[in-house]
Number of protein chains: 2
Amino acid sequence: MVTLLSEMTTLSEEEKHAIEDSFPIKTYEKGTYLMKQGEVARNAYYVIAGCLREFELIDGEEKTTAFYTEEQSAINFNSLVNQCPSKRNFICEELTTVAILNGEKEQQLYKKFPRFESFCRSGTEQMMGAGQEQLAEFITLKPEQRYLKILQERPDLINRVPQYHLASYLGIKPESLSRIRKRIALND
Amino acid sequence: MVTLLSEMTTLSEEEKHAIEDSFPIKTYEKGTYLMKQGEVARNAYYVIAGCLREFELIDGEEKTTAFYTEEQSAINFNSLVNQCPSKRNFICEELTTVAILNGEKEQQLYKKFPRFESFCRSGTEQMMGAGQEQLAEFITLKPEQRYLKILQERPDLINRVPQYHLASYLGIKPESLSRIRKRIALND
DNA sequence: TTACTTTCTTGACTTTAGTCAATGAAATCC
DNA sequence: GGATTTCATTGACTAAAGTCAAGAAAGTAA
């Protein structure tokens with residue numbers, strides 16, 4: 001939680017401690033589910049170390065919709081905010097350490113520390129910004145371009161998650177990603 | 001702004017009026033740009049009547065990334081929050097009436113009316129939820145399924161915007177959407 | 001109504017992705 | 001270290017999307 005708190009420049013030390021105490025830190029084995037589709041989310045997760053993968057199981061096939069690594073927040077907003085069943089799963093791709101942010105506690109902290117609510121509003125706006133850019137990229141780019149973009153922006157992922165999960169995250173099949181990589185290797 | 005305010009159940013009448021006064025309502029001709037790529041966003045727009053289209057111009061081609069209709073907010077969070085150039089445009093697809101929410105005024109209102117910040121945090125969380133679901137759908141669905149989904153969830157759009165804009169919003173070419181529609185018409 | 005422009009559809013062909021099956025490479029497990 | 005499982009690549013084929021060009025249909029304006 002070091003990085004998260006260091007960003008809370010608007011908060012006093014007292015506030016930081018009170019908030020920090022509300023969010024336990026836990027470490028989970030690879031393969032552990034932090035959220036299963038059909039369940040209603042009660043927590044948000046902030047990844048301190050490791051990697052979470054978000055996916056949807058459709059017709060026996062895992063469709064990866066996100067990877068969350070160090071300093072990123074894994075949150076299913078729709079499920080958490082509206083208390084409706086999640087369509088997607090969170091699974092640990094590695095041994096992963098997360099800060100667990102309980103939704104109800106968060107509401108209480110908003111009342112206690114208004115500046116914490118400011119902090120979270122701002123954080124959500126940042127996430128919203130990143131989310132919009134990501135959706136726009138997905139709409140405007142072809143799979144090959146999307147792969148090149150990930151290669152640039154999240155090179156860590158390539159050596160961290162199996163290619164077939166990366167493929168489904170790009171919206172294509174593993175065989176196609178393999179061929180895209182071959183095309184790229186030839187054309188330079 | 002009727003609908004927006006009616007949802008502000010947590011705000012007093014006094015607060016509502018003060019807030020409402022800060023956000024002028026204007027009507028624009030079809031074809032008017034409310035935001036051009038390269039500019040830095042200063043406003044958010046809440047659509048009262050009409051339709052805004054968000055698009056990116058790439059190699060002379062307009063790639064549509066969103067449609068905003070009645071009761072939806074058109075906001076480029078990345079540009080507005082981080083004050084960086086927008087990659088995308090907002091254009092009126094019809095004669096369109098919007099409430100203009102100035103970013104700086106919003107910050108001032110947060111200080112004056114803490115409940116307004118609560119209201120906005122909650123609203124952004126809702127948008128984030130919808131945005132995540134949309135991205136997940138785009139990753140997991142094929143163009144044909146995406147089209148069927150829009151047909152269900154936003155049937156108004158079909159008679160409101162030209163098909164070639166809808167096509168680019170689905171990430172495909174107009175010819176392909178035309179053929180998808182033909183396939184669907186045959187198979188039932 | 002006619003003329004003009006814009007949008008949509010269709011046809012022929014190319015490119016890319018999906019499918020299924022086989023093989024190779026790499027990681028994991030006694 | 002060898003056996004087994006998991007993952008990545010390749011080949012042959014099918015299906016879907018892209019491209020380019022030609023018309024048809026719909027919308028707009030004089």
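Letters A, B, ... mirror the listed sequences (proteins, then strands); counts begin at 1.
- A tilted orientation is assigned to the rings of A:F116 and A:Y110, their planes being inclined by 30° to 60°.
- B:R160 has its CZ atom 17 Å from the P atom of D:dG27, to the nearest Å.
- With sequence neighbours excluded, no residue satisfies ring-ring contact (aromatic ring centres under 6.0 Å, His included) with A:F77.
- Residue B:R181 contributes atom CZ, which lies 15 Å from atom P of D:dA25 at whole-angstrom precision.
- At a threshold of 4.5 Å between non-hydrogen side-chain atoms, the residues A:E54 and A:M35 do not count as touching.
- Rounded to whole Å, atom C1' of D:dA17 lies 17 Å from atom OH of B:Y147.
- For the side-chain hydrogen bond (donor to acceptor under 3.5 Å, both in side chains) with B:N89, the lone residue among B:Q37, B:K36, B:E62 that qualifies is B:Q37.
- B:E29 contributes no side-chain N or O that, together with a main-chain N or O of B:L95, makes up a donor-acceptor pair within less than 3.5 Å.
- The phosphate of D:dT9 (OP1 or OP2) has no side-chain N or O of A:K182 nearer than 4.0 angstrom.
- Residue B:R179 places a side-chain atom within donor-acceptor reach of the base of D:dT19, judged by atom type and a 3.5 Å distance cut-off alone.
- Rounded to an integer number of Å, the gap from NZ of A:K173 to P of D:dC13 is 22 Å.
- Remark: C1' of C:dT14 and NZ of A:K142 are 13 Å apart, rounded to the nearest angstrom.
- Between the C1' atom of D:dA25 and the OH atom of B:Y164 lies a distance of 15 Å, rounded to the nearest Å.
- With rounding to whole Å, B:I180 atom CD1 is found 8 Å from D:dG18 atom P.
- As rounded to whole Å, 12 Å separates atom P of D:dT28 from atom CD of B:E94.
- Among the heavy atoms of the strands lying under 4.0 Å from A:P143 are primed sugar atoms or P, OP1, OP2 only; no base atom is included.
- In terms of position on DNA chain C, the residue among A:S176 and B:Q163 whose nearest nucleotide sits closer to the 5' end is B:Q163.
- Nearest nucleotide to the side chain of B:P162, out of C:dT10, C:dC20, C:dC8: C:dC8.
- Checked against D:dT19, D:dT9, D:dA17, the side chain of B:E175 finds its nearest nucleotide in D:dT19.
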